[in-house]
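None of the values given here were measured: they were computed from a predicted structure. Start at 1 and go down the list; that is how both ligands and their atoms are numbered.
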Amino acid sequence: MTKRDFLSVLDFSREETEELFDLAVRMKTAGYAEKPLAGKTLGMVFAKSSTRTRVSFEVGAYQLGGHALFLSSRDIQLGRGEPIKDTARVLSRYLDGIMIRTFDHTDVEELASYSAIPVINGLTDLLHPCQLLADMLTIREHRGNVSGQKIAWVGDGNNMAHSWLNAAALFGFELMLACPEGYDPDPEILENSRGLAKIEMVRDPREAVASADVVCTDVWASMGQEEEARARMKAFEKHKISEELMQTAANGAIFLHCLPAHRGEEVDDAVIEGPQSRVFDQAENRLHAQKALMATLMG
Ligand code: CP
Ligand code: NVA
């Protein structure tokens, strides 16, 4: 059987993603006791910081009977310039799967193309597909079917926005993005999704949030953009999610944020702590969704 990777939300069909959600729900709620990862090891290569991704993959692998190995790229030879293609082939001789979080998306594609084992994208500058699995699972739990939702994305046209665009292409939900000028998503990803879902780009967050079922945002400066933080603060100042803005969303609307959040910047404390926030269910769902993903790819 050929190995499969999960580098983008679009690597799975809609049907496969629905099946993955069903399995995740079974793992979360139905006393799932199988150990599809027994005797197996996931290597987790990190070139950037992480709380949720690292802990949820490690705990998830353990709960499925397997083991996870934390590999900081600063400590392995990759960080000293060992080629990705050599790292891929060496790791393939020891491990049963690789999760990688790094900067350049093409590095992950290269790793996957030289690996004999499944590669999972744990975030690149371009995409964050594992987060979208958890986000859609959270929407399913709190709002029912994903495809009928109107989603508002307020903020940067970044890796999260790109993965939302991919998810819209897969599920056909309505996605309205309010990004400040100069911070639009990648035009190719945007165009691809436009053909498959109702995608709208606006500048004013009020327009995107008005009557949205789900309101999402993310930090203004992602990992690796620390030097741009000051300029971004200025550019994004009208893109904060406040309580007043949340009140304009649809009845029963929920607020999502992949976390970590910067309270007082992209979102007010009162929103994260407020009744519409589902951010901690969302964080928990990283565990369930990724367990289903590991069982599917490595089990
Ligand atoms: N949301 C997310 O990926 O969190 P971490 O950076 O903590 O892994
Ligand atoms: N856009 C953020 C997401 C963090 C989970 C980043 O890349 O830093």
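Checked by atom type and distance alone, the side chain of Thr248 pairs as donor or acceptor with a backbone atom of Leu245 at under 3.5 Å.
Residue Thr51 approaches ligand 1 through these ligand atoms, each under 4.0 Å from one of its heavy atoms: 5 (P), 7 (O), 8 (O). Against a heavy-atom cut-off of under 4.0 Å, Leu259 is close to the following atoms of ligand 2: 5 (C). Counting the atoms of ligand 2 from 1 in the order shown, those under 4.0 Å from a heavy atom of Asn158 are 1 (N). If you number the atoms of ligand 1 from 1 as listed, the ones under 4.0 Å from a heavy atom of Cys258 come out as 1 (N). Less than 4.0 angstrom separates some heavy atom of Leu123 from each of these atoms of ligand 2: 3 (C), 4 (C), 5 (C), 7 (O).
Annotation: atom 4 (O) of ligand 1 to nearest protein heavy atom, Arg52 NE, 2.8 Å. From the protein, the heavy atom lying nearest to atom 2 (C) of ligand 1 is Arg286 NH1, 3.3 Å. Annotation: atom 8 (O) of ligand 2 to nearest protein heavy atom, Met223 N, 2.8 Å.
The residue among Ser49, Ser50, Ser56 with a heavy atom at the shortest distance from atom 8 (O) of ligand 1 is Ser50. The closest heavy-atom contact to atom 3 (C) of ligand 2, among the options Leu127, Leu126, Asp218, comes from Asp218.
Under a 4.0 angstrom heavy-atom cut-off, Lys48 registers as lying outside contact with ligand 1. Within the structure, ligand 2 lacks Asp125 among the residues with a heavy atom less than 4.0 angstrom away.
Note: no N/O pair closer than 3.5 Å links Lys48 and ligand 2 by distance alone. The shortest N/O to N/O separation between Pro260 and ligand 1 does not fall below 3.5 Å. Considering backbone and side-chain atoms together, Met223 places no N or O closer than 3.5 Å to any N or O of ligand 1. Inclusion of Asn159 in the set of residues having an N or O under 3.5 Å from an N or O of ligand 2 is warranted. For ligand 1, the polar-atom distance check against Arg54 finds no nitrogen or oxygen pair separated by under 3.5 Å.
Using a 4.5 Å cut-off on side-chain heavy atoms (C-beta onward), Val119 and Ile100 make contact. Between Leu287 and Gln63, some side-chain heavy-atom pair lies under the 4.5 Å cut-off. In this structure, the side chains of Leu170 and Leu10 come closer than 4.5 Å at one or more pairs of heavy atoms. Looking only at side-chain heavy atoms (C-beta outward), Met176 and Ile151 stay at 4.5 Å or farther from each other.
Salt bridge absent: Lys150 and Asp213 never bring a charged side-chain N and a carboxylate O closer than 4.0 Å. Between Lys234 and Glu237 there is a salt bridge, since a side-chain N of the basic residue sits under 4.0 Å from a carboxylate O of the acidic one. Between Asp75 and Arg80 there is no salt bridge, since no side-chain N of the basic residue sits under 4.0 Å from a carboxylate O of the acidic one. Checked for salt-bridge contact, Glu266 and Arg232 miss the test: no charged N lies under 4.0 Å from a carboxylate O. Of the charged side-chain nitrogens involved, at least one lies within less than 4.0 Å of a carboxylate oxygen, so that Arg263 and Glu273 count as a salt-bridged pair.
Neither the backbone nor the side chain of Leu123 has a heavy atom within less than 4.0 Å of ligand 1. The proximity of Arg101 to ligand 1, defined as any non-hydrogen pair under 4.0 Å, is limited to the side chain. At a heavy-atom distance under 4.0 Å, no atom of Asp156 approaches ligand 2.
Residues passing the side-chain hydrogen bond (donor to acceptor under 3.5 Å, both in side chains) test with Thr124, sequence neighbours excluded: His105.
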task: Carefully, step by step, assess Asp96 and Thr41 under the rule side chain to side chain donor-acceptor pair (under 3.5 Å).
output: CA-CA 5 Å; Asp96 303 282; Thr41 305; 4.6 Å; no
